[in-house]
Amino acid sequence: MFASLQALLWGTVAGSALLLGSGAAWWLKIPKIWVSAIMAFGAGVLISALTFELVLEAYETGGLAATLGGVIVGAALYFGANRLLGWRTGKRQARRAGTGEQESSGTALAVGALIDGIPESVALGLSVVASASINPAMLIAIFVSNVPEGLASTAQMKASGRKGLSIALLWGSIAISCGIAAFLGALLLESMPGEVLAFATAVAAGGILTMIADTMVPEAYEVEHDYTGLLVTSGFLAAFSLHVIGG
């Protein structure tokens with residue numbers, strides 16, 4: 001139970017980065033190029049973290065079959081959820097276009113952040129179970145990657161005239177949901193066999209990797225272009241160094 005409470009605490013801390021990014025977008029005028037730079041760096045950090053803290057950990061815990069199966073299922077789950085979100089958003093925008101109204105995509109980005117945040121938070125909870133303490137590389141990776149999501153979404157909501165309290169409540173509920181996901185990930189899987197734990201860890205890794213490829217890198221490249229690769233590599237090396245130093 002102590003590991004689960006730890007996971008709840010750190011999952012909420014990681015999710016609070018969404019609130020941090022949202023507050024920065026509401027009170028400060030941050031150039032889009034900086035948001036994209038943070039996103040590219042965060043993508044590299046996440047790639048490193050899921051490679052060494054999730055996939056490798058899953059393989060060592062439950063073997064190759066459970067790891068491969070989990071990654072494939074995680075990728076498919078994220079892909080399906082993302083397609084469903086895109087379809088529903090597209091239908092709403094088409095209806096609004098018929099009446100001449102504009103709809104900000106900020107809410108859609110917030111829902112996307114929730115879809116991203118669930119596997120990330122479950123992965124964080126699983127890392128607490130696996131090592132009996134928080135993994136700093138994983139925590140930093142998730143925290144850094146969450147900031148630009150809160151920034152980009154809130155900037156669009158603000159431009160569309162949405163009230164600050166409504167935005168704060170939205171991101172607060174998502175941050176709490178991330179904490180609960182980490183808690184449940186740790187609680188439900190703490191006493192499971194190694195193969196089950198490995199599969200669950202790999203599912204989270206597959207979801208995160210698909211999110212990076214589908215969302216973070218393309219959005220960063222839209223603004224950063226040729227610098228995106230360098231920033232992703234920098235994030236990867238920073239997280240890898242943290243992993244090696246932290247043992």
Rounded to the nearest 0.5 Å, what's the gap from [atom1] on [X] to [atom2] on [Y]? Could you check?
X: T228; Y: E219; atom1: OG1; atom2: CD; value: 11.5 Å
X: K163; Y: L169; atom1: NZ; atom2: CG; value: 12.0 Å
X: N146; Y: C178; atom1: CG; atom2: SG; value: 6.5 Å
X: S177; Y: L18; atom1: OG; atom2: CG; value: 10.5 Å

Practice task
Determine, stepwise, if the pair T210 / T215 fulfils side-chain contact (heavy atoms from CB on, under 4.5 Å).
Solution key: CA-CA 8 Å; T210 308; T215 305; over 6 Å; no
Shortest non-hydrogen contact between [X] and [Y], atoms and distance:
X: A238; Y: F41; answer: CB-CZ, 4.0 Å
X: G21; Y: L151; answer: O-CD2, 3.3 Å
X: A66; Y: A198; answer: CB-CB, 4.2 Å
X: Y78; Y: D214; answer: CE2-OD2, 4.2 Å
X: A14; Y: L139; answer: CB-CD1, 4.0 Å
X: I167; Y: K158; answer: CD1-N, 4.3 Å

Is the shortest side-chain heavy-atom distance between [X] and [Y] below 4.5 Å?
X: S48; Y: V45; value: no
X: F143; Y: L20; value: yes
X: T51; Y: L56; value: no
X: T12; Y: I180; value: no
X: T201; Y: T61; value: no
X: M157; Y: L170; value: yes
X: T154; Y: R162; value: no

Handout entry: Check: L19 main-chain N/O paired with S22 side-chain donor or acceptor under 3.5 Å
Key =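 Answer holds: no.
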Handout entry: Check against side-chain contact (heavy atoms from CB on, under 4.5 Å), L46 and L209
Key = CA-CA 8 Å; L46 272 178; L209 184 58; over 6 Å; no
So if you build clusters from Ile, Leu, Val, Met, Phe, Trp, Tyr with side-chain heavy-atom gaps below 4.5 Å, do [X] and [Y] land together?
X: L237; Y: V217; result: yes
X: I72; Y: L50; result: no
X: L5; Y: I176; result: yes
X: I212; Y: L231; result: no
X: L68; Y: F52; result: no

Handout entry: Atom OH of Y59: over 12 foreign heavy atoms under 6.0 Å
Key =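 No, not enclosed.
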Exercise for the section: Mind running side-chain contact (heavy atoms from CB on, under 4.5 Å) on W171 and S153 for me, showing each step along the way? Expected result: CA-CA 10 Å; W171 288 115; S153 177; 3.3 Å; yes
Problem - Hydrophobic cluster of V73, others only, ordered by chain and residue number, side-chain cut-off 4.5 Å - result: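 Other cluster members: L77, F199, V203.
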Exercise for the section: Mind telling me whether Y221 and H225 have parallel, tilted or perpendicular rings, with 30° and 60° as the class edges? Expected result: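 Perpendicular: the ring planes of H225 and Y221 meet at over 60°.
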Under 3.5 Å, which donor-acceptor pairs link side chains of residues 28-37 to any protein atom two or more places apart or in another chain?
unit_1	atom_1	unit_2	atom_2	d
S36	OG	K32	O	3.2

